[in-house]
S.K.: 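One structure, as C-alpha cells, below. Some questions next.
Proteins get letters first, then strands, A, B, ... in listed order; numbering begins at 1 in each.
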Number of protein chains: 2
Amino acid sequence: MQEKTLAKLEQEGESFSLSECDLLVREGQPGDENFTVVEGTLMLYKSLPGGRRQVVGFRFPGELVTLRRCGSTWPVSVSAITPCNVNRLPCQAFQDLVESDRDVCQTLLDLASDEIAARQEQLLTVGRKNTVERIAAFILEIWHRTQRWPAQNDEVLLPMNRAAIADYLGLKTETVSRAFARLVHEDILALPRPSHVVLLDRPALEGLAEGRRSLFDEGLTRRA
Amino acid sequence: MQEKTLAKLEQEGESFSLSECDLLVREGQPGDENFTVVEGTLMLYKSLPGGRRQVVGFRFPGELVTLRRCGSTWPVSVSAITPCNVNRLPCQAFQDLVESDRDVCQTLLDLASDEIAARQEQLLTVGRKNTVERIAAFILEIWHRTQRWPAQNDEVLLPMNRAAIADYLGLKTETVSRAFARLVHEDILALPRPSHVVLLDRPALEGLAEGRRSLFDEGLTRRA
DNA sequence: CGCCCCGTTGACCAGTATCAATCGAAGTGG
DNA sequence: CCACTTCGATTGATACTGGTCAACGGGGCG
C-alpha cells in the first residue's frame, strides 16, 4: 500500500542523483517540491548559531523525505550522507494526486502519523535517556529500518558517521565513541569497523534501549 | 479553514468533560478514537521505567489531540492539566469524513505537517539548547499559541506546572526554577505568580530562544 | 490552625562536554 | 610500492552544566 502510493508519486516525478554531502535543500528555503528517496540515505537537520546542529531524521530508500504544507518554507535542511538517487515531484502535482486519489491521501495520513510517532520516540530518547540507552535505541532503530528483507541476521551497517549519530541523539562524537566502547566491553556489540555493528546480545540491547536495564544491574555490584 | 474542518469533526462526535489530572488515554492502549479539545489544556507524554517522563506536546482549545493510524495503539498517554471539555470521534467516522471531503483531508495533511515541524523544533530545543534557552523558547511557544486574539500584550498564563515544563524540556523542576530566576534577575521576565509570566524584554527572550544571544554576552565579563 | 503540595533556593555530585593527543584507514604523490 | 597527508574515530584528563539531595517558604484547603 505505501509502496504503491510512493510508486504513484515517483512515476509522476523526475529522478536525479546526489553525491555524498550534497545539500538537497536548506532550512528556511522556499520551494514547492516533494522528494522521495530511490537509493542512498538522506539526513534531515536543523541548525543553531555556534555550529550546533540537531538531526531530526534519516531517510532510506522508499521513504518520503517529508510531508510539507504547500507554499511553506523548509523547516529543515536535507543532505545526502551517501550517494543518492532522489525523485522530485512539484508540490502542485503532489496536491493533485492527493485530491484525485483517496488511497494516496489515506496513505499519506498514515505516513504522517508514523513520522509523528517516530519524532515522539526520538524526543523520549534525547530528553530522558542516558548516553548508553540512546546508543542502544539508535542501533535498534537503524537495525529495524534497514532489515528490509527479514534476513534474520544481527548485523547493521551504519551509513552515517559519528557526528551525525551524535547530532541525532543530542550528544558529542566523543561521547558516542565511549558509549560504543562500553557496549563492546560488555559483549553486547562487536564493531569490526566503526560503521559495522554486530548485535551479540539483542535482549540486553533492547533492555537498555527501553530503560529497563542498566549496565550496572549486575557486574559492577561489589561482591557479585 | 482549519477551524471549519475541526468543526466538521466535532459536529459528528460527542463531547464530554475531564477533571484536572484525569487520564484520557494511556500509552500502548488500543482504541479507535480521535479527540479534539473544546476547552482546557491537555498534555501528551511518554514514560520510561524509573518514573522518567517526556512530554511531547500540549493541546489547547480548537486543536486535534493527535492524528492516528486506524487500528493502532496510542503511542502516548494524554492527560488533562486543567479541567477540559473534549470531543470524541470514532476512528471510522473520522475515516469516512476524510474520504468524503477532500478539504478535510488536505487540512489534516497540513495539520500533520505542522505537528511534525513542531516536534522537530522541540527536538532542537531539547537536544541542543541550554537551560535558559529552552525556557526562553518554551515561554515564547506558549505565548504564541495562546495569543488567540492578537491582543498585543506581553503576558502569558502557563496552565502547566513546573514538573510538566521540566518534562517537556528534558530538565528537572529545580533547574526550571533556576532558569526562571535568572531570566527574572536579568529583567527579561517578571513572575508575579509562578504561572503568570510577564515578558519585559521580548527581543532578548527571542535572542536567547534562538541561541543567538547568551546571558553572558555582557554583564558577567569580569571588567565590564 | 496546621498540613500538604508546589515552587524556590542552597550545597554538593555526576555525567557529559571540552580540550588535547593518538590511532588507523583511505587517498595522494613521489 | 611506500612515505606522507588527512580525516574520522578513539582515548585520556579536566571542566562545567545540570542533576541530586535537602531544607525552606507560601498559598490553599480541610
S.K.: Whole angstrom is fine here: how far is it from CD in B/E174 over to P in C/dC12?
M.R.: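 It is 17 Å, rounded to the nearest whole Å.
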
S.K.: Would A/R59 count as a cation-pi partner of A/F35, with NZ or CZ less than 6.0 Å from the six-membered ring centre and within 45° of the ring normal?
M.R.: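 Not flagged: A/R59 not positioned over aromatic ring of A/F35.
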
S.K.: Distance check needed: D/dG19 P versus B/R52 CZ, whole Å only.
M.R.: 13 Å

S.K.: Does a side-chain N or O from A/T131 land closer than 4.0 Å to OP1 or OP2 of C/dT16, or not?
M.R.: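 Checking C/dT16 against A/T131, a side-chain N or O does come within under 4.0 Å of OP1 or OP2.
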
S.K.: Taking OP1 and OP2 of C/dT16, is either one under 4.0 Å from a side-chain nitrogen or oxygen of A/T175?
M.R.: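 No, no such contact exists.
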
S.K.: How long is the line joining CD1 of B/I165 and P of C/dG7, in whole Å?
M.R.: 8 Å

S.K.: Between the side-chain atoms of B/R178 and the base atoms of C/dG10, is any donor-acceptor pair under 3.5 Å?
M.R.: yes

S.K.: For the pair made of CG in A/L169 and C1' in C/dA17, what is the distance, rounded to whole Å?
M.R.: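 The distance from CG of A/L169 to C1' of C/dA17 comes to 15 Å, rounded to the nearest Å.
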
S.K.: Side-chain contact test, heavy atoms from C-beta onward, threshold under 4.5 Å: evaluate it for A/L208 versus A/L183 and give yes or no.
M.R.: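 They are in side-chain contact.
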
S.K.: To the nearest Å, how far apart are B/R182 CZ and C/dG10 C1'?
M.R.: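 Result: 16 Å.
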
S.K.: Knowing that exactly one of B/D167, B/I81, B/I165, B/V76 qualifies, which makes a side-chain contact (heavy atoms from CB on, under 4.5 Å) with B/V55?
M.R.: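 That would be B/D167.
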
S.K.: Taking the nucleotide of DNA chain D with the nearest heavy atom to each, does B/K172 or A/M160 sit closer to the 5' end?
M.R.: A/M160

S.K.: Looking at the side chain of B/A181, which of C/dT9, D/dT10, C/dT8 is the nearest nucleotide?
M.R.: C/dT9

S.K.: Measure from CG on A/N130 to P on D/dG18 and round the result to the nearest Å.
M.R.: 18 Å

S.K.: Calculate the interatomic distance between A/L171 atom CG and C/dA17 atom C1'; express it in whole Å.
M.R.: 10 Å

S.K.: Rounded to the nearest angstrom, tell me the gap between atom CZ in B/R134 and atom P in D/dG18.
M.R.: 7 Å

S.K.: Taking side chain as C-beta onward, heavy atoms only, is B/P194 less than 4.5 Å from B/F180?
M.R.: no

